[in-house]
Amino acid sequence: MTRTLTPGRLIAATHNKGKVKELKDLFEPLGFEVVSAAELDLPEPEETEFTFSGNALIKARAAAMATGAPALSDDSGIAVKALGGMPGVNTADWAGHPRDFYKAMEKVENELNAIDAEDRSAKFVCCLAVVWPDGHEEVFEGESHGTLTWPPRGEMGFGFDPVFVPAGRTETFAELQPEEKHAMSHRADAFHKLKAALL
Ligand code: IMP
């Protein structure tokens with residue numbers, strides 16, 4: 001049975017600053033105190049699953065067990081239609097170590113050029129998982145559809161935002177104000193599903 005998530009301390013099981021900011025924007029107005037895994041110096045578990053939900057659960061389980069508090073994780077990525085859904089769950093890995101998202105965006109662009117792709121449609125996917133310390137788990141998935149542009153444009157957001165133009169807009173996610181991105185993002189879509197079910 002679905003469980004109510006009571007406002008209070010919520011561990012954001014991520015070290016990604018862009019995600020932490022967006023999760024705080026979404027959850028703090030509802031009375032949650034969002035504390036990130038990075039702020040608590042928690043280790044980053046290895047993401048060994050092949051689905052967004054699987055990897056989201058790995059991260060939330062690890063943070064809930066380490067802190068004894070409910071944990072929220074975000075596993076997300078961009079799926080490019082002409083590339084058969086790549087980079088998908090491997091989006092972060094395409095940025096290499098240390099992460100360089102310009103390099104990752106350029107790699108996607110090069111792959112599209114290599115196959116002369118006319119279809120530049122892509123979607124962002126976000127899986128939000130909530131895990132309680134007693135092991136109860138809930139997962140919600142959201143999507144945002146759009147097209148890829150080149151070269152990258154805009155200074156806001158993070159990751160692939162500068163090359164993603166959401167459907168119905170001409171600006172990239174990185175050119176939109178945070179409130180505008182929250183009105184149409186994959187993360188906000190998953191958040192609204194979570195809110196309807198758990199809050
Ligand atoms: P992971 O969930 O830690 O495996 O990483 C997902 C990667 O997908 C991020 O590092 C970003 O590059 C990308 N990504 C996920 N959500 C967004 C977003 O809202 N904007 C831009 N890039 C995103």
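We count ligands from 1, going down the list as the structure has it; atoms in each ligand are counted the same way.
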Legend entry - Backbone of Pro162 reached by a side-chain donor or acceptor of Arg153 within 3.5 Å: no
Inset, instruction - Fit a plane to each ring of Trp150 and Tyr102, take the angle between them on a 0 to 90° scale, and name the class: parallel (under 30°), tilted (30 to 60°) or perpendicular (over 60°). - result: tilted
Inset, instruction - Taking the six-membered ring for Trp and the full ring for Phe, Tyr or His, determine whether the centres of Phe27 and Phe191 are under 6.0 Å apart. - result: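 When the ring centroids of Phe27 and Phe191 are compared, they turn out to be within the sub-6.0 Å range.
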Inset, instruction - Indicate, with yes or no, if the rings of Phe124 and Phe164 have centres closer together than 6.0 Å. - result: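 Between Phe164 and Phe124, which both carry aromatic rings, the centre distance is below 6.0 Å.
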Legend entry - Test item: side-chain donor near acceptor, Glu180 and His182, under 3.5 Å: no
Legend entry - Residues in the immediate environment of ligand 1 (any heavy atom closer than 4.0 angstrom): Asn16, Lys19, Glu47, Lys59, Asp74, Asp75, Ser76, Gly77, Thr91, Ala92, Phe101, Phe124, Phe158, Gly159, Phe160, Asp161, Lys181, His186, Arg187
Legend entry - Listed partners of Asp161 passing side-chain hydrogen bond (donor to acceptor under 3.5 Å, both in side chains), at least two apart: Lys181
